[in-house]
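Take a look at the structure set out below.
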There are 2 protein chains.
Amino acid sequence: MAFNRGLQERGVKMVLDAQYGKVLNENEGPTRTVSTTEALRSGILAGDFKPGERMLEVNLSERLGVSRTPIREALKLLAGEGLLDHTPNRGYYVREYSTEDIVQAYEIRAALEGLAARRAAQLGMEQAERAIIERALSDGQKLLNSDDFSSMDRSLYGQINSAFHSAIHSASRSRMLRDHLRQSQQIAPSSHRNVVAFEHDDVKRRLADHYRIYEAILCRDGGRAELLMRGHVESVKISLLRTISRQA
Amino acid sequence: MAFNRGLQERGVKMVLDAQYGKVLNENEGPTRTVSTTEALRSGILAGDFKPGERMLEVNLSERLGVSRTPIREALKLLAGEGLLDHTPNRGYYVREYSTEDIVQAYEIRAALEGLAARRAAQLGMEQAERAIIERALSDGQKLLNSDDFSSMDRSLYGQINSAFHSAIHSASRSRMLRDHLRQSQQIAPSSHRNVVAFEHDDVKRRLADHYRIYEAILCRDGGRAELLMRGHVESVKISLLRTISRQA
DNA sequence: TCAACCAATAATGTATGCATCTTAAAGAGA
DNA sequence: TCTCTTTAAGATGCATACATTATTGGTTGA
């Protein structure tokens with residue numbers, strides 16, 4: 001549990017501050033509620049809290065070194081975002097996602113990413129956004145060409161992939177669309193189920209998708225960009241289903 | 001302001017309860033936070049709170065007759081849902097939607113409703129859901145055939161339309177999809193901008209859409225159902241754009 | 001006259017005590 | 001032994017006092 005380190009000793013720090021002045025810890029948010037919310041959110045997404053696990057206020061309050069108030073506020077916010085389930089008088093639980101739920105999340109995301117790609121094509125991308133995409137494409141190519149591909153870190157590919165998609169989200173120029181996209185991806189990677197295939201061929205195919213999508217966007221062909229993007233994300237869904245059925 | 005009636009005198013009621021036993025007011029939620037949240041949400045959606053308006057805790061606290069605590073929890077939840085914007089130390093504001101935002105909301109909703117229709121077709125609808133749809137279709141027909149159509153209440157058509165779509169949402173059997181759909185529709189009908197055309201021809205065309213969509217769902221033709229539904233919602237967007245440009 | 005500063009006011013953030021509810025374990029009765 | 005009560009412990013709900021942070025209006029100085 002790394003997420004509680006930052007807040008744990010805040011009480012002590014504040015006493016020190018009162019004694020020696022300044023030196024407020026920078027990496028914390030402006031308020032306890034904000035930093036608590038961030039700590040809990042990333043903790044949930046990182047899997048530090050298991051799906052279905054109960055979020056006890058006093059427990060969290062002690063672990064994070066704050067009173068129950070900011071904890072309660074953070075829990076309410078995360079419940080509003082859909083990360084937690086709440087039953088009155090019975091507390092908060094980490095939302096559980098079935099395999100079916102995760103597949104559906106990909107379907108929703110596919111539709112939304114398609115929309116984003118269409119808007120990016122219609123509105124055009126800024127120079128900075130294009131640079132990010134081109135960087136992601138060339139880095140992806142390098143990754144594919146590397147001699148010991150199989151030993152590569154999955155997280156590297158994840159970062160490259162994420163950069164590509166984020167740039168398009170940003171280019172959609174729509175806060176609402178970005179919010180929906182973020183929410184459709186806010187699912188804890190449940191142990192085995194949410195793991196995307198990482199064979200050389202899979203990555204190669206997805207990178208080719210990225211090239212074609214970017215091309216369509218540059219050509220300002222919104223319809224084609226949407227179609228390609230939707231198919232791209234759906235293909236991840238398919239490969240996920242394949243992995244699952246193979247496990248069974 | 002009708003929304004504060006229910007809570008206003010709770011303090012008094014509780015004293016009465018202590019004196020005479022039970023008689024807890026039924027129409028209130030299980031907790032103050034829940035009923036406060038509902039009151040504020042419907043108040044925002046009904047336009048009792050204007051976009052951009054500040055939500056002052058003490059103010060609301062007095063109007064609803066509860067302490068600041070449940071108010072703050074409700075505000076946090078609604079902020080998580082995207083109805084309010086929050087800046088630390090500076091309070092909550094009713095989220096504002098530009099005309100562009102509203103148009104985008106329809107685009108997003110179109111994509112999501114399309115997905116829902118596809119799933120409804122693929123999974124099949126239950127008897128109860130089919131009954132609701134058929135009722136909505138025949139009621140819509142009656143509305144169209146009525147002699148003095150122009151004098152009809154818009155809200156009646158709104159209810160019929162809402163019943164049709166809700167049944168399909170329900171048939172999609174996906175909590176996540178339902179959540180996204182709800183969120184994409186949680187926009188206060190900003191005075192003039194978000195008003196959908198209500199001419200006889202418009203309603204006639206939309207009802208015809210509904211018939212075709214239902215047909216596709218009954219035929220289990222998911223692709224067609226999605227295409228039709230998406231076009232259906234997009235057509236509302238178009239007519240909205242038409243109305244706006246006419247005003248300008 | 002204007003700008004910067006300062007104080008007073010008001011609003012939000014946080015902690016805490018008490019009330020209420022849930023739950024589970026212990027106990028009584030059949 | 002089983003079931004239904006009862007009760008006690010633990011957890012959430014709510015109110016309130018206090019701390020901290022914005023904001024506003026006025027004052028001082030140039």
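Residue numbers begin at 1 in each chain, while the letters A, B, ... track the order of the sequences. The figures that follow rest on heavy atoms only: side chains count, while hydrogens, waters and symmetry mates do not.
Rounded to a whole Å, the CG atom of B:Asn59 is 10 Å from the P atom of C:dT12. Atom pair A:Glu62:CD and C:dA15:C1' shows a separation of 14 Å (rounding to whole Å applied). Protein atom CG of B:Leu56 is 13 Å distant from nucleotide atom C1' of D:dT23, rounded to whole Å.
The closest donor-acceptor contact from the side chain of B:Ser172 to the backbone of B:Ala120 lies at 3.5 Å or more, if one exists at all. Judged purely by atom type and a 3.5 angstrom limit, B:Arg130 uses its side chain to pair as donor or acceptor with the backbone of B:Met125. Distance alone, capped at 3.5 Å, is enough to place a donor-acceptor pair between the B:Gln183 side chain and the B:Glu81 backbone. Proximity of a side-chain donor or acceptor of B:Ser162 to a complementary backbone N or O of B:Gly158 within less than 3.5 Å is not detected.
Of the listed residues (B:Gln104, B:His165, B:Lys237), just one forms a side chain to side chain contact (heavy atoms under 4.5 Å, CB included) with B:Arg109, and that residue is B:His165.
Using a 4.0 Å cut-off on heavy atoms, the residues of residues 72-94 of chain A that approach DNA chain C are A:Asn89, A:Arg90, listed by number.
Between A:Arg32 and A:Glu73 the shortest side-chain heavy-atom distance does not fall below 4.5 Å.
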For nucleotides 8-10 of chain C, list the nitrogen or oxygen atoms of the protein found under 3.5 Å from its nitrogen or oxygen atoms, one pair per line.
none

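Side-chain proximity of A:Glu57 to the nucleotides D:dT12, C:dA15, D:dC14 is greatest for D:dT12.
Phosphate proximity of D:dT20 to A:Arg32: absent, as no side-chain N or O sits under 4.0 Å from OP1 or OP2. An OP1 or OP2 oxygen of D:dT16 is reached within less than 4.0 angstrom by no side-chain nitrogen or oxygen of B:Thr69.
The environment of CZ in A:Arg182 is crowded: more than 12 heavy-atom neighbours from other residues, nucleotides or ligands sit within 6.0 Å.
Mapping A:Arg54 and B:Val58 onto DNA chain C by nearest heavy atom places B:Val58 at the nucleotide closer to the 5' end.
Here B:Arg95 pairs with A:Asp179 under the salt bridge (charged side-chain N to carboxylate O under 4.0 Å, His left out) rule; sequence neighbours left out.
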